Number of protein chains: 2
Amino acid sequence: MATIKDVAKLASVSVSTASIALNGNKNVKTETRVRVLEAAKKLNYRKNGSAADLKKSQTKTLALIVDDLSGPFFSELIKGVQDVTLSKGYDLITCSAIGGENSTPTRFLLEKRTDGVIILAHTLKNEMILHASMEGFPIVLLDRQLDSRHTIHIQVDNEQGAYNAVHYLISLGHRSIAYVSGNATSTDNHCRYRGFQKAMDEFGLEQPDKWNISGSFTEEGGYHTTKMLIMQGQLPSAIFYANDEMAIGGIQAFSEKGIKVPEDVSIIGFDDILLSRYTTPALTTIHQPKYEMGSLAAHLIFRALSGESFEQQLYTLETRLVKRSSCRQV
Amino acid sequence: MATIKDVAKLASVSVSTASIALNGNKNVKTETRVRVLEAAKKLNYRKNGSAADLKKSQTKTLALIVDDLSGPFFSELIKGVQDVTLSKGYDLITCSAIGGENSTPTRFLLEKRTDGVIILAHTLKNEMILHASMEGFPIVLLDRQLDSRHTIHIQVDNEQGAYNAVHYLISLGHRSIAYVSGNATSTDNHCRYRGFQKAMDEFGLEQPDKWNISGSFTEEGGYHTTKMLIMQGQLPSAIFYANDEMAIGGIQAFSEKGIKVPEDVSIIGFDDILLSRYTTPALTTIHQPKYEMGSLAAHLIFRALSGESFEQQLYTLETRLVKRSSCRQV
DNA sequence: CTGTTAGCGCATTCAT
DNA sequence: ATGAATGCGCTAACAG
């Protein structure tokens, strides 16, 4: 494999001159530059990026770490991140946190391969993130709060969003409302349940234990928990699912049992993923500003990178109720 | 920023011993390892990944380059790639090709930052890929064929798939069939059109020019071309959309005009993206084995990496007709 | 088991 | 405008 040394030799110049010529710097005679470029082409020369990074202080690269690269949430988030990153002339690389402890994310969190990291990955341990956090290496957390001076946090107002959802259900006349929760360990889930409770309490509504079921944040999770709900015999008049994917799984389960949404049971989700528009019925849900989360995250990274120190370490974005067709007036 | 040197000094060992200890190698007394680890923690030491890569010959990393990280096709492809990559103990990083010439992909194609690359990105120029291709650096192309000994190609049998789609339409009694094409420059599009033509020819069917409209491979593209189709006054009895996203845009356009699918017009797509299951009506389409493409691509990279030389450079995967509810018998 | 030595490939002073 | 020399941080022989 040809190195810059070989190129220099073939072009009869010094390594430094070759480097200058190769990197498009002005300070070379056109003639020599041409000679170097030709030599490079002849030798099929490729710069070694790692070596270059080693010399320079920065990589001009950001990493986005997520649990599920296939997920609907990621699909929208990435656009916001990408737009900002690109506009700053930085590169963006993405990887999944799936794969256990010493997996790919380690490389970006712990090995100085990027100038900053954005994280939306429950499976990453707090411990690892804390270990990675340090002055001058901005980390933006989208899925949790951490007690560290060196991480920046963006969250959506989950509690208020859930409150609004339940409030809407109640305003529609619903009195028996179930909560189908996602991952019990998730902060998001926790906050949403708080909002749910708050609205219920406010209106003096009780929620029997049997109507508080938990699964995972997936379509399958929603499907199975809904089946369980159905098997219990008596149905609530409305269900709040901790996210849209679960709600969609729920719709599927109901449809299979011949239970009609929203005629027999009203359903509301959380997130407003792309799919929600397409289900039958279209899903009423709480919109999360995913694009904005992404672009804000990237912006904050760049602000931190430019040496700005943050008084504020927590940014809260508002949600919005999106009324579609899965809830009915009773 | 602390380096391994500082750690070594603080632990009173040589740099090499520190390196060995840090990397979990067996050949150190537990006592010294502990000392090194403690020193590292105290100094908040982070390994510099670039420096490590520079020393080692390989990066143990694969890159997947795609145009659209938000796209439905990517979402399914990635799983296949990821599963295989992980099982081999490699890391996988993903980036978008959007962003013009000297953008992120360059780093992975031209700068030896990964051991191999999988590409599904029309916007990447042939020229750049050719430039990157070389012995010992496997590149798998999912979206085009290239005349290079150093690239491996996977394609789906687009022509046969399109033929099957149209054949199905014809078997349902349709005689006037329109083709809504995607990106004109795309090989996929080209092959699908050939399959379309072949089936039409075989049954002696004519396709008026006005029923051959082209847009882009997006929902919006399908929406607009369908609007145009509608404005032309007379509708075909069936439409073959070059991909599902366009078909979904088409359904939307029809729905807005009060034209019923499939009562008034039958629709078939191509790809079988996740969404197709959820549209109203559910979309009949040609399934592409996206997961299999991904895992095959990764497999081939590893085979190439293990020094295997390929007699075969083109792998063709079969499609499958998925009947749902968007086509009716006439 | 541990230390010494020698680069990996490149960008960058500082001379000339 | 060009060249010589230096070292980025790390790993891997090779000695001891």
Side-chain angles (χ1 to χ4, degrees), chain A residues 1-37 39-40 43-61 106-108 110-115 134 136-137, chain B residues 1-37 39-40 43-61 106-108 110-115 134 136-137:
Chain A
M1 193 62 248
T3 75
I4 198 173
K5 236 179 200 160
D6 305 315
V7 174
K9 196 181 295 173
L10 182 58
S12 322
V13 294
S14 76
V15 180
S16 57
T17 306
S19 173
I20 293 171
L22 252 9
N23 288 299
N25 197 304
K26 276 276 140 231
N27 295 43
V28 220
K29 242 194 304 188
T30 318
E31 186 192 312
T32 26
R33 148 165 304 114
V34 170
R35 227 174 46 239
V36 171
L37 260 29
L43 292 172
N44 197 20
Y45 165 75
R46 308 304 156 72
K47 143 197 280 197
N48 183 316
S50 306
D53 284 352
L54 183 54
K55 278 304 288 187
K56 312 199 192 188
S57 52
Q58 48 173 5
T59 59
K60 284 245 173 197
T61 304
T106 321
R107 301 166 65 90
F108 301 114
L110 263 24
E111 301 187 355
K112 302 192 200 162
R113 290 164 191 276
T114 62
D115 297 346
M134 54 177 285
F137 183 64
Chain B
M1 193 61 248
T3 75
I4 197 173
K5 234 178 201 160
D6 305 316
V7 174
K9 196 182 296 174
L10 182 58
S12 323
V13 296
S14 75
V15 183
S16 59
T17 306
S19 173
I20 293 172
L22 253 8
N23 288 299
N25 197 303
K26 277 274 141 236
N27 295 46
V28 220
K29 239 194 306 186
T30 318
E31 187 193 313
T32 29
R33 146 163 310 112
V34 170
R35 230 176 41 242
V36 171
L37 260 29
L43 293 172
N44 198 20
Y45 164 74
R46 308 302 157 73
K47 144 195 279 195
N48 183 316
S50 306
D53 283 352
L54 182 55
K55 277 303 289 186
K56 311 203 191 185
S57 52
Q58 48 173 5
T59 60
K60 285 247 177 195
T61 304
T106 321
R107 299 166 65 91
F108 301 115
L110 263 25
E111 300 187 354
K112 302 192 197 158
R113 289 165 192 277
T114 63
D115 297 347
M134 53 177 284
F137 183 65

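Because the structure is a prediction, the values reported are computed rather than measured. Here is the naming used below: chain letters follow the sequence lines, and residue numbers restart at 1 for every chain. Every heavy atom of this structure was used, including side-chain atoms; hydrogens, water molecules and symmetry mates were not.
- In this entry the distance linking CD1 of B:Ile20 with P of D:dA12 reads 9 Å, nearest Å.
- Each of B:Ala18 and B:Ala51 was assigned the nucleotide of DNA chain C with the nearest heavy atom; the assignment lying further toward the 5' end belongs to B:Ala18.
- A sub-4.0 Å separation between OP1 or OP2 of D:dA1 and a side-chain N or O of A:Thr32 is absent.
- What separates CG of B:Asp53 from C1' of C:dG9 is a distance of 13 Å, to the nearest Å.
- For the pair A:Ile4 CD1 and C:dT12 P, the computed distance is 11 Å after rounding to whole Å.
- The side chain of B:Thr17 places no N or O atom within less than 4.0 Å of a non-bridging phosphate oxygen (OP1 or OP2) of C:dT2.
- Among the atoms of the strands shown, base atoms are found under 4.0 Å from some heavy atom of A:Ser19.
- Comparing D:dT11, D:dT2, C:dC10 by their nearest atom to the side chain of A:Lys47 picks out C:dC10.
- With hydrogens and angles ignored, a donor-acceptor pair under 3.5 angstrom links the side chain of B:Lys55 to the base of C:dG7.
- Note: CD (A:Glu31) to C1' (D:dA1) measures 11 Å, nearest angstrom.
- Checking B:Asp53, B:Asn48, B:Thr61 one by one against A:Arg113, the side-chain hydrogen bond (donor to acceptor under 3.5 Å, both in side chains) holds for a single residue, B:Asp53.
- Taking atom NZ on B:Lys56 and atom C1' on C:dC8, their separation rounds to 13 Å, with Å as the unit.
- Of the candidate nucleotides C:dT2, C:dC8, D:dA1, C:dT2 has the atom nearest to the side chain of B:Lys29.
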**Item:** Chi angles and distances behind the side chain to side chain contact (heavy atoms under 4.5 Å, CB included) call for A:Val36, A:Leu10
**Value:** CA-CA 8 Å; A:Val36 171; A:Leu10 182 58; over 6 Å; no

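- The residue B:Arg33 sits apart from the nucleic acid: no heavy atom pair falls under 4.0 Å.
- Look at A:Ser16 and you won't find any side-chain N or O under 4.0 angstrom from OP1 or OP2 of D:dG3.
- In terms of heavy-atom proximity, A:Val28 sits nearest to A:Arg33 at CG2-NH2, 3.6 Å.
- Take the nearest nucleotide of DNA chain C for B:Val15 and for A:Asn48: the residue whose nucleotide is more 5' is B:Val15.
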